[in-house]
Amino acid sequence: MTSFMIDAHVGRKLHQDWKDDSRCTFCRIIADELPATRLYENDKVIAILDILPLRAGHTLVIPKTHISRVSELPAETAAAIGEAVSKVARSLTEAMENTALNIVCNQEYAQSVPHVHYHIIPAPTFGSSSHSKPKQTKPSNRMSPTSRRELHQREYEARGELDQHEGSALAVRIRARL
């Protein structure tokens, strides 16, 4: 997480989208209105590959019920997410042959989609290829972002899109271990 993202949210008012977002990207994926590389799914959660991964294998675990904040999760939903995170993380570490992970859930200040989701991100390994390493961003001379859109744009500038062929091959390896 970059410090400008944290600082840019100090004192901000809650945007209306966080209260009611009928065009939620994750809700549309869950409803099969948008494509995604699905890794795991049950009646309460879905796990998909991130389309703008920090590293190969970057996975999102998402509850099927639209809830904007982790602090508002019902216990049953939180338990289902926890079980899915554990199951998917185990499969991901086996498929990637790397047990080092970052597991993150942001609430509002760094959450680009206002729907609870956990990131499972394989950590870099010593001697890994440059493909696995996060891309470096050029320092910006600009001050803090002025809008939520600009804030997230700057955060994603360092990311490359998911290669569909590589994503599909990885999904097969992960699913085989679930």
Side-chain angles (χ1 to χ4, degrees), residues 1-9 15 17-18 21 23-41 45-64 66-70 81 84-85 88-89 91-93 95-96 98 100-125 128-140 142 144-175:
M1 175 70 54
T2 53
S3 61
F4 78 82
M5 284 193 71
I6 295 169
D7 293 343
H9 284 278
H15 193 278
D17 286 355
W18 293 89
D21 185 3
R23 302 303 301 160
C24 170
T25 301
F26 293 156
C27 289
R28 293 181 66 208
I29 288 170
I30 291 162
D32 287 323
E33 294 174 14
L34 292 175
T37 303
R38 294 172 185 242
L39 302 177
Y40 174 79
E41 186 170 2
V45 301
I46 185 171
I48 62 174
L49 288 178
D50 194 312
I51 62 168
L52 292 171
L54 287 170
R55 282 183 279 288
H58 184 163
T59 300
L60 304 175
V61 177
I62 309 161
K64 288 187 172 180
H66 183 89
I67 300 169
S68 296
R69 297 173 193 84
V70 72
I81 294 169
V85 166
V88 172
S91 299
L92 183 59
T93 60
M96 300 290 295
N98 178 8
L101 298 172
N102 294 100
I103 299 177
V104 179
C105 181
N106 298 306
Q107 180 164 301
E108 293 180 13
Y109 75 89
Q111 191 178 2
S112 59
V113 178
H115 187 131
V116 169
H117 57 285
Y118 282 76
H119 297 259
I120 305 174
I121 308 165
T125 57
S128 64
S129 70
S130 61
H131 177 70
S132 304
K133 295 178 184 175
K135 296 177 184 175
Q136 298 298 315
T137 58
K138 295 178 184 177
S140 173
R142 294 185 296 171
S144 294
T146 58
S147 69
R148 187 173 74 154
R149 182 182 188 113
E150 183 182 351
L151 177 78
H152 293 297
Q153 177 62 39
R154 286 180 58 192
E155 181 66 18
Y156 289 111
E157 285 174 353
R159 298 183 184 194
E161 288 186 30
L162 174 67
D163 179 279
Q164 289 301 314
H165 178 71
E166 290 176 13
S168 294
L170 178 58
V172 167
R173 294 197 324 263
I174 295 168
R175 285 188 210 113

### Message
Can a donor-acceptor pair be found, under 3.5 Å and without considering hydrogens, that links the side chain of Gln111 to the backbone of Arg69?
### Response
no
### Message
Quick check for you: to the nearest 0.5 Å, what is the distance between Ser91 atom OG and Leu39 atom CG?
### Response
9.0 Å
### Message
Within this structure, what is the CZ-CZ distance for the pair Arg38 and Arg175, rounded to the nearest 0.5 Å?
### Response
10.0 Å
### Query
Is there a side-chain contact between Asp50 and Leu162 (heavy atoms, below 4.5 Å)?
no
### Task
Go through the steps for His119 and Thr59 under the test side-chain contact (heavy atoms from CB on, under 4.5 Å), then give the verdict.
CA-CA 6 Å; His119 297 259; Thr59 300; over 6 Å; no
### Summary
Smallest heavy-atom separation, Pro35 atom then Ile29 atom, equals O-CG1, 4.2 Å
#### Entry: Check: Arg28 side chain, Leu34 main-chain N or O, donor-acceptor pair, under 3.5 Å
no
### Query
Going through the distances and angles, do Leu170 and Met96 end up as a side-chain contact (heavy atoms from CB on, under 4.5 Å)?
CA-CA 8 Å; Leu170 178 58; Met96 300 290 295; 3.5 Å; yes
## Note on the structure
CG of Leu52 to CD of Glu161, rounded to nearest 0.5 Å, is 6.0 Å
### Query
Hey, what do you get for SG (Cys24) to NE2 (His115), rounding to the nearest 0.5 Å?
5.5 Å
### Query
Just one of Val45, Ile30, Ile67 clears the side-chain contact (heavy atoms from CB on, under 4.5 Å) bar with Ile62, so which one?
Ile30
### Task
Report yes if some heavy atom in the side chain of Val61 is under 4.5 Å from a heavy atom in the side chain of Tyr40; otherwise report no.
no
### Query
Can you tell me how far the CG atom of Leu92 sits from the CD1 atom of Ile103, to the nearest 0.5 Å?
9.0 Å
### Query
If every non-hydrogen atom of Ala123 is compared with every non-hydrogen atom of Asn98, which pair is closest and at what distance?
O-ND2, 2.7 Å
### Query
Do Ile48 and Glu41 come within less than 4.5 Å of each other through their side chains, counting heavy atoms only?
no
### Query
Just by distance, do the side chain of Ser68 and the backbone of Pro114 share a donor-acceptor pair under 3.5 Å?
yes
### Message
Given 3.5 Å as the limit, does a donor-acceptor pair link the side chain of His117 with the main chain of Ala47, or not?
### Response
no
### Query
Among all residues two or more places apart in sequence or in another chain, which pass the side-chain contact (heavy atoms from CB on, under 4.5 Å) test with Ala169?
none
#### Entry: Minimum side-chain heavy-atom gap Phe26-Leu60 below 4.5 Å
yes
### Task
Supply the atom-to-atom distance Arg55 CZ to Asn102 CG, rounded to the nearest 0.5 angstrom.
6.0 Å
#### Entry: More than 12 heavy atoms from other groups under 6.0 Å of CG on Leu101
yes
